[in-house]
Amino acid sequence: SLQSSYNLYKLIKEKEALEKILKKEVLGVRFHCLSYAPKITSLNLEKIGFKYDTTLGFNEKVGFRNGVAFPFHLPIYDLTFSSVLELPLVIQDGSFFDFLNIDVNNALNIILKTLETVKKYNGFITILWHPTLTKVDLCNRWFEVYKEILGILKAESCFVGTCRDIYEWWKKRENDIFLSNKF
């Protein structure tokens with residue numbers, strides 16, 4: 001919910017409710033409408049034991065909110081870093097039709113340029129595509145864009161997975177680098 005990004009009690013209750021429904025541990029989160037309270041959220045995620053977050057991105061545009069196309073550990077505002085891994089949100093459908101108000105072709109051009117930038121730097125991104133929209137014709141056109149994105153990623157032999165898959169891959173990589181002393 002919108003309030004759970006800054007309300008520890010609400011976040012705990014929502015996580016517990018979801019775990020009860022799923023019958024498994026919830027490792028990560030993305031807050032609704034990208035709600036994030038910088039001095040509170042990362043600390044709360046750490047306290048509760050979340051492993052990753054995918055909230056830090058833009059609602060109103062496509063791009064690298066934190067200046068990186070790579071996972072990173074969330075800062076805590078006592079000059080330390082959280083164990084929570086941020087999987088930065090770079091592209092979401094709502095940016096195009098809720099804020100930028102551009103057509104499918106222009107959106108696809110922006111997406112292709114963004115993917116080229118990520119490829120150039122061997123980067124990583126998360127893509128948020130909402131499964132339902134209120135306007136059926138709009139939904140169909142944007143779903144075609146999503147399918148085209150997946151086709152591009154497949155053609156480029158990119159690793160595509162759930163956030164949980166990516167978190168697990170990253171943690172293994174982090175551990176391998178640390179154990180090999182190759183920093």
Side-chain angles (χ1 to χ4, degrees), residues 1-7 10-11 14-15 17-18 21-22 26-42 44-45 50-72 74 84-121 123-156 158-167:
S1 69
L2 287 170
Q3 299 82 20
S4 62
S5 67
Y6 56 84
N7 183 319
K10 191 165 189 62
L11 184 58
E14 289 176 4
K15 183 177 187 284
L18 189 54
I21 292 166
L22 296 175
V26 173
L27 299 182
V29 65
R30 178 192 49 83
F31 292 103
H32 187 58
C33 294
L34 307 184
S35 175
Y36 196 88
K39 294 183 179 181
I40 300 168
T41 304
S42 57
N44 286 350
L45 293 174
F50 277 107
K51 305 298 183 194
Y52 64 86
D53 173 72
T54 65
T55 304
L56 295 182
F58 293 113
N59 280 313
E60 67 281 359
K61 63 183 176 179
V62 171
F64 309 96
R65 179 174 172 176
N66 302 286
V68 296
F70 229 64
F72 60 92
L74 287 172
V84 178
L85 190 66
E86 182 61 33
L87 306 177
L89 174 63
V90 178
I91 298 171
Q92 75 155 310
D93 56 357
S95 300
F96 298 113
F97 54 78
D98 287 339
F99 293 94
L100 298 173
N101 196 27
I102 61 175
D103 65 32
V104 171
N105 292 330
N106 286 328
L108 198 51
N109 287 334
I110 292 169
I111 292 166
L112 291 172
K113 286 178 185 174
T114 304
L115 292 176
E116 282 299 317
T117 300
V118 172
K119 181 181 175 182
K120 178 180 177 181
Y121 295 103
F124 160 90
I125 60 170
T126 59
I127 298 171
L128 170 58
W129 222 259
H130 295 83
T132 58
L133 297 169
T134 55
K135 297 178 183 174
V136 175
D137 62 324
L138 181 64
C139 181
N140 290 337
R141 287 185 288 143
W142 286 103
F143 186 67
E144 291 302 316
V145 172
Y146 184 65
K147 289 193 312 189
E148 193 159 342
I149 293 168
L150 294 178
I152 292 164
L153 297 175
K154 183 178 181 180
E156 292 285 336
C158 295
F159 174 76
V160 177
T162 66
C163 292
R164 187 182 201 123
D165 294 338
I166 292 163
Y167 166 77

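- The distance from atom CG of L11 to atom CD1 of I40, rounded to the nearest 0.5 Å, is 12.0 Å.
- Formation of a donor-acceptor pair under 3.5 Å by the S95 side chain with backbone atoms of I91 is not found in this model.
- Within a 6.0 Å radius of CZ in F70, other residues, nucleotides and ligands contribute more than 12 heavy atoms.
- For the atom pair F31 CZ and L56 CG, the distance stands at 10.0 Å (nearest 0.5 Å).
- If you run side chain to side chain contact (heavy atoms under 4.5 Å, CB included) between I111 and each of I149, I152, I127, only I149 comes through.
- In this structure, T55 contributes its side chain and L34 its backbone to no donor-acceptor pair below 3.5 Å.
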For N59 and D98, what are the C-alpha separation, side-chain angles and deciding distance, and is it a side chain to side chain contact (heavy atoms under 4.5 Å, CB included)? CA-CA 9 Å; N59 280 313; D98 287 339; over 6 Å; no
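- A donor atom on one side chain and an acceptor atom on the other are found under 3.5 Å apart for S1 and E14.
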Report the C-alpha distance between K39 and Y6 in whole Å, list the side-chain angles of each, state the deciding distance to 0.1 Å, and finish with yes or no for side chain to side chain contact (heavy atoms under 4.5 Å, CB included). CA-CA 9 Å; K39 294 183 179 181; Y6 56 84; over 6 Å; no
Verdict with reasoning, V29 to L45, per side chain to side chain contact (heavy atoms under 4.5 Å, CB included): CA-CA 9 Å; V29 65; L45 293 174; 3.5 Å; yes
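- With rounding to the nearest 0.5 Å, the separation of CG in N105 from CD1 in I110 is 11.5 Å.
- Of all non-hydrogen atoms in P88 and V68, the two that sit nearest each other are CG-O, 4.2 Å.
- Side-chain contact between Y52 and P71 is absent, with no heavy-atom pair separated by less than 4.5 Å.
- The cationic group of K15 lies under 6.0 Å from the six-membered ring centre of F50 and within 45° of the ring axis, placing it in a cation-pi geometry.
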I would like to know whether N7 and S4 meet side-chain hydrogen bond (donor to acceptor under 3.5 Å, both in side chains); could you show each step before the answer? CA-CA 5 Å; N7 183 319; S4 62; over 6 Å; no
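- Relative ring orientation between W129 and F96 is described as tilted, the plane-to-plane angle lying within the 30° to 60° band.
- Remark: E156 engages K119 in a salt bridge (Lys or Arg N to Asp or Glu O under 4.0 Å) (not counting sequence neighbours).
- Every residue two or more places apart in sequence or in another chain was checked for a side-chain hydrogen bond (donor to acceptor under 3.5 Å, both in side chains) with Q3, and none qualifies.
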Give the C-alpha distance, both sets of side-chain angles, the deciding distance and a yes or no for side chain to side chain contact (heavy atoms under 4.5 Å, CB included) between D93 and Y146. CA-CA 9 Å; D93 56 357; Y146 184 65; over 6 Å; no
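- Summarising the local packing, CZ of F159 is surrounded by more than 12 heavy atoms from other residues, nucleotides or ligands at distances under 6.0 Å.
- Nearest heavy atoms, V118 versus F124: CG1-N, 3.7 Å.
- In this structure, F72 and N66 have side chains that are in contact, with non-hydrogen atoms separated by less than 4.5 Å.
- In this structure, F58 and L89 have side chains that are not in contact, with every pair of non-hydrogen atoms separated by 4.5 Å or more.
- Atom CD of E148 and atom CG of L150 lie 10.5 Å apart (nearest 0.5 Å).
- There is no side-chain donor-acceptor pair under 3.5 Å between T41 and N44.
- Between T114 and V90 there is a side-chain heavy-atom pair separated by less than 4.5 Å.
- For the pair Q92/H130, a side-chain contact is recorded, criterion being any heavy-atom separation below 4.5 Å from C-beta on.
- From L27, atom CG reaches atom CG of L85 across 11.5 Å, with rounding to the nearest 0.5 Å.
- Between K147 and E144 a salt bridge is recorded (basic side-chain N to carboxylate O distance below 4.0 Å).
- A donor-acceptor contact shorter than 3.5 Å is absent between the side chain of N109 and the backbone of N106.
- For the atom pair OG (S5) and NE2 (H32), the distance works out to 11.0 Å, reported to the nearest 0.5 Å.
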